[in-house]
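Residue numbering restarts at 1 for every chain, and letters A, B, ... go by the order of the sequence lines. Predicted model only: the values in this text are computed from it and were never measured.
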2 protein chains.
Amino acid sequence: MEELPRVLQQLWGIEGRSRPGPKPAFHISDIARAAIKLADAGGLGAVSMSKVAAELGFTTMSLYRYVDAKDDLYVVMLEHAFAEPPVLDPELDWRGRITAWAEAFRDGLRRHPWILQIPIQEPPLSPNQLAWMESGLDAFDGTPLTPQDRLSAMLLVNIYVRGTAQLTANMRTEPDEVREADRLYTERLTMLATPDRFPGIAATLEQPLDEGYAGDFDAAEFGFGLTTVLDGIATRITHTRTT
Amino acid sequence: MEELPRVLQQLWGIEGRSRPGPKPAFHISDIARAAIKLADAGGLGAVSMSKVAAELGFTTMSLYRYVDAKDDLYVVMLEHAFAEPPVLDPELDWRGRITAWAEAFRDGLRRHPWILQIPIQEPPLSPNQLAWMESGLDAFDGTPLTPQDRLSAMLLVNIYVRGTAQLTANMRTEPDEVREADRLYTERLTMLATPDRFPGIAATLEQPLDEGYAGDFDAAEFGFGLTTVLDGIATRITHTRTT
DNA sequence: CGCACACTGTGTGCGCCATACACAGACCAT
DNA sequence: ATGGTCTGTGTATGGCGCACACAGTGTGCG
């Protein structure tokens, strides 16, 4: 039984009792707030120990009294950016519940696109992360799925939301820039993906309504793909029920 | 009509005609080989301009004669790590074909786990990347899906493979380390996810056969989830056919 | 009541990184 | 042959994460 890393101890509120020495001047939540502010404004690249410290009005090295390493800073940011998971309406069926969950997740990623840039080293163990996991699993209450199947299904939706967010997240905050990048991309793709060598891609480009790959992956498109994922889960549910 | 970035020009073999000056001592493919060697051994973090240059026996700055910036290095690495897409057996149905495609993709990610660490800035435009896209789209030949639907379906499978690889890719090459990390994770999760506050997670942990979240996401588990995704696509196909 | 000592925030410094820039030499078109 | 352009190189800059020593602070224990 190994000790929990210090970050997790702090996030779970395992307080050290009163100790000698000066009182801490701030709290990890202050660090999180400052770091999130920087990341929202300039992406994860704008978050450095010195910038965060400057934002708080302290020196760089003071942060290391609260956080063991930069990776821990990411953990704290993540934990604060995703606060409480949505309360799922028990009146809805599982599709309605997991859809609401997925949309809440997507909203979080849209609000804080830098989350997708965080290098993931370990699976999550912090309180809010687990709360989100639990919330996603609970969406399948009432279905005949086994706990493992619920986990797989929740992970599948989780992966889908992350993946689509990744596609649309060109990370530019200005919508004009996004539109321009899309235009440039389709132009180049049209030039490079000639119908003789890339007939499938070329066919996709012929319909100018949808902007093609990496076009506006907006709400409708998101829901459409999510429906496909949920149809797959539904198939497994009915299959489980009949066996 | 803007010029293509230099990296893409080079990858597509748009050669500059013979020019004055000394002949280049090597080629971007040499850079790619050296960088991939480093990344395979020590992850993407082990790839720096100086390390790559040292591997080639040149100075750091010489690389900038071939590549405009570090991001371009990533593009070249990606292009070389994923060589030719698999040739899909036309005898198979779409499920068989896209399954083979997904497995080939997964194999590539397992061979070069650092691919998942590359920060994605722009959608792909390099030759092999497009060839993989085309190959994935072609898997749906013979189905009534529209080109846009094929794109969505291919992206869905693509996202799924990436996502599952992300889960299993604890990035450690030593299987013992992975197993140890899994053990530690389940231990901690069992301690933190108490049944009263996290009943769903706790239920998942009660079945010790599957190691729970981030456990060995091996071939069987991969195929199981992929089946779910393909079932969803199948639902859309039949729905398309009937309308 | 006082004091030892754990703990605080700070300053300095190290090694690594990406990359800008100036330079000496190599080579092709003319 | 020679001018101009391209090559690889050396040097320099600003940023980064973080180790470490230090002076001051405040609590628990004697």
Q | B:His112: partners by ring-ring contact (aromatic ring centres under 6.0 Å, His included), with sequence neighbours left out | A | B:Trp114
[atom1] of [X] versus [atom2] of [N]: gap in Å, rounded?
X       : N      : atom1 : atom2 : result
B:Leu56 : D:dT9  : CG    : C1'   : 15 Å
A:Ile28 : C:dG9  : CD1   : P     : 13 Å
B:Asp71 : C:dC17 : CG    : P     : 16 Å
B:Met49 : D:dC16 : CE    : P     : 19 Å
B:Ile31 : D:dT7  : CD1   : P     : 12 Å
A:His27 : C:dT8  : NE2   : P     : 12 Å
A:Leu73 : D:dC16 : CG    : C1'   : 14 Å
A:Met61 : D:dA21 : CE    : C1'   : 11 Å

Quick one: pull up [atom1] in [X] and [atom2] in [Y] and give me the separation to the nearest 0.5 Å.
X        : Y        : atom1 : atom2 : answer
B:Met133 : B:Leu125 : CE    : CG    : 9.0 Å
A:Lys37  : A:Lys51  : NZ    : NZ    : 13.5 Å
A:Arg111 : A:Arg106 : CZ    : CZ    : 11.5 Å

Q: Give a yes or no on whether the ring-centroid distance for A:Tyr160 and A:Phe105 is below 6.0 angstrom.
A: no
Q: Among the candidates C:dT8, C:dT19, D:dG8, find the nucleotide nearest to the side-chain atoms of B:Tyr66.
A: D:dG8
Q: From the options D:dC20, C:dA18, C:dG9, select the nucleotide whose nearest atom is closest to the side chain of B:Lys70.
A: C:dA18
Between [N] and [X], is there an OP1 or OP2 to side-chain N/O distance shorter than 4.0 Å?
X       : N      : result
A:Ser50 : D:dC16 : yes
B:Thr59 : D:dG8  : no
A:Lys51 : D:dG15 : no
B:Tyr64 : C:dC21 : no

Q: Hunt down the Watson-Crick or G-U wobble partner of C:dA24, both distances under 3.5 Å, from any strand shown, or write none.
A: D:dT7
Q) Charged N to carboxylate O under 4.0 angstrom, B:Arg110 versus B:Asp107? A) no
(Q) Regarding A:Ser48, tell me which of base, sugar-phosphate or nothing describes its non-hydrogen contacts under 4.0 Å with the strands shown. (A) sugar-phosphate
Q | By side-chain hydrogen bond (donor to acceptor under 3.5 Å, both in side chains) - contacts of A:Arg6 (at least two apart) | A | A:Asp68
Q. In B/S/- notation, 5' to 3', how is nucleotides 22-30 of chain C contacted by protein heavy atoms closer than 4.0 Å?
A. B--BBBBS-
